[in-house]
Amino acid sequence: MYFDSQNKINSFCNPIDYIEEYVYKLDADLFRDSANNLTLIYRGQWRSYSVVFKWDEQNKIISVSSYFDITKKEKINKNIYSLVSIVNEKINLGYFHYCSKLETVFFKYQVSFKGLDYLTEEQIEDILNVVINECDKYFPAFYLFFFKKQDPKYALSASLIETYGKA
């Protein structure tokens, strides 16, 4: 396992190995429960996210998921599905999903590596950035929904304040 002078990995066996090697440099907490699964705790802007990488060798796909640890003891109304739908309309890569069994929100993203025989550090960084940036951007909306007011439009508009001009 090594990156060459162009930061390419020449032999493409299991990309989870290379992701693990890259993540060690980030000083993040890691847990590797199998050859094809890697979990890390990554500090975002609002909180730490659990990010799971899974390699599907047959289909040559890396699935990445992250979840918000924002469970609430009170019953969550069905408007959560409206919020997830509205948020998903705004993002370009990946999607959010509410799991009623765990009462939490997941962000999921998949990358196909069919036809590729290498993985670069830049690709790994990009995958991780997509997940963390989307979670950081929309975490306030989900937090407001769960803990302040269970109205999807209010939660989204209050959390995505656009600024104009200079302060």
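Throughout, numbering of the chain's residues begins at 1 and tracks the sequence.
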side-chain contact (heavy atoms from CB on, under 4.5 Å), that's the test. Do L83 and Y138 meet it? Break it down for me.
CA-CA 10 Å; L83 177 59; Y138 293 103; over 6 Å; no
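In this structure, K108 forms a cation-pi arrangement with F106, its terminal cationic atom sitting closer than 6.0 Å to the ring centre and no more than 45° off the ring axis.
Closest of all the heavy-atom pairs between I124 and Y18 is CD1-O, 3.7 Å. Counting all heavy atoms, side chain and backbone alike, S66 lies closest to Y49 at OG-CB, 3.4 Å. Among all heavy-atom pairs drawn from I132 and G44, the shortest one is CG2-CA, 4.3 Å.
Note on Y24: it clusters hydrophobically with V131, by side-chain heavy-atom contacts below 4.5 Å among ILVMFWY residues. Hydrophobic clustering, with ILVMFWY side chains joined whenever heavy atoms are under 4.5 angstrom apart, keeps L144 apart from F139. Hydrophobic clustering (ILVMFWY, side-chain heavy atoms < 4.5 Å, transitive): L30 and I19 are in one cluster.
Using a 4.5 Å heavy-atom threshold, the side chains of I80 and F146 count as touching. Residues P140 and W46 are in side-chain contact: their nearest non-hydrogen atoms beyond the backbone lie under 4.5 Å apart. No side-chain heavy atom of F145 sits less than 4.5 Å from a side-chain heavy atom of L156. Taking 4.5 Å as the limit, every side-chain heavy atom of L38 sits out of range of all side-chain heavy atoms of V52. Inter-residue side-chain proximity for K25 and E121 is flagged as met; some heavy-atom pair is nearer than 4.5 Å. Inter-residue side-chain proximity for I127 and V64 is flagged as met; some heavy-atom pair is nearer than 4.5 Å. Between V111 and I61 there is no side-chain heavy-atom pair separated by less than 4.5 Å. Contact of the L128 side chain with the F53 side chain is registered, since non-hydrogen atoms from C-beta on lie closer than 4.5 Å.
To the nearest 0.5 angstrom, Q45 atom CD is 12.0 Å from C135 atom SG. Note that the CG atom of D136 and the CZ atom of F107 stand 11.5 Å from one another [nearest 0.5 Å]. L40 CG to R32 CZ: the interatomic distance, rounded to the nearest 0.5 Å, is 12.0 Å.
No donor-acceptor pair under 3.5 Å is formed between the side chain of N79 and the backbone N or O of S82. Formation of a donor-acceptor pair under 3.5 Å by the W55 side chain with backbone atoms of I62 is not found in this model. In terms of modelled atom types and a separation under 3.5 Å, the side chain of S157 and the main chain of K153 share a donor-acceptor contact. Side chain of N37 to backbone of D33: no donor-acceptor contact under 3.5 angstrom is found. Side-chain atoms of N36 do not come within 3.5 Å of backbone N or O of E57 as any donor-acceptor pair. Remark: the backbone N or O of Q123 is paired with a side-chain donor or acceptor of T120 at under 3.5 angstrom. The closest donor-acceptor contact from the side chain of N14 to the backbone of I16 lies under 3.5 Å.
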Show me the side-chain donor-acceptor pairs of residues 89-97 shorter than 3.5 Å, one per line, residues at least two apart or across chains.
none

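Taking a 6.0 Å sphere around OH of Y154, one finds it holds 12 or fewer heavy atoms contributed by other residues, nucleotides or ligands. No more than 12 heavy atoms of other residues, nucleotides or ligands shown are found within 6.0 angstrom of OH on Y67.
Under the salt bridge (Lys or Arg N to Asp or Glu O under 4.0 Å) criterion, R47 pairs with no residue, sequence neighbours left out. Taking the side chain to side chain contact (heavy atoms under 4.5 Å, CB included) definition, one finds that I41 meets it with D29, S48, S50, sequence neighbours left out.
Residues D126 and N129 have side chains that never bring a donor and an acceptor to within less than 3.5 angstrom of each other.
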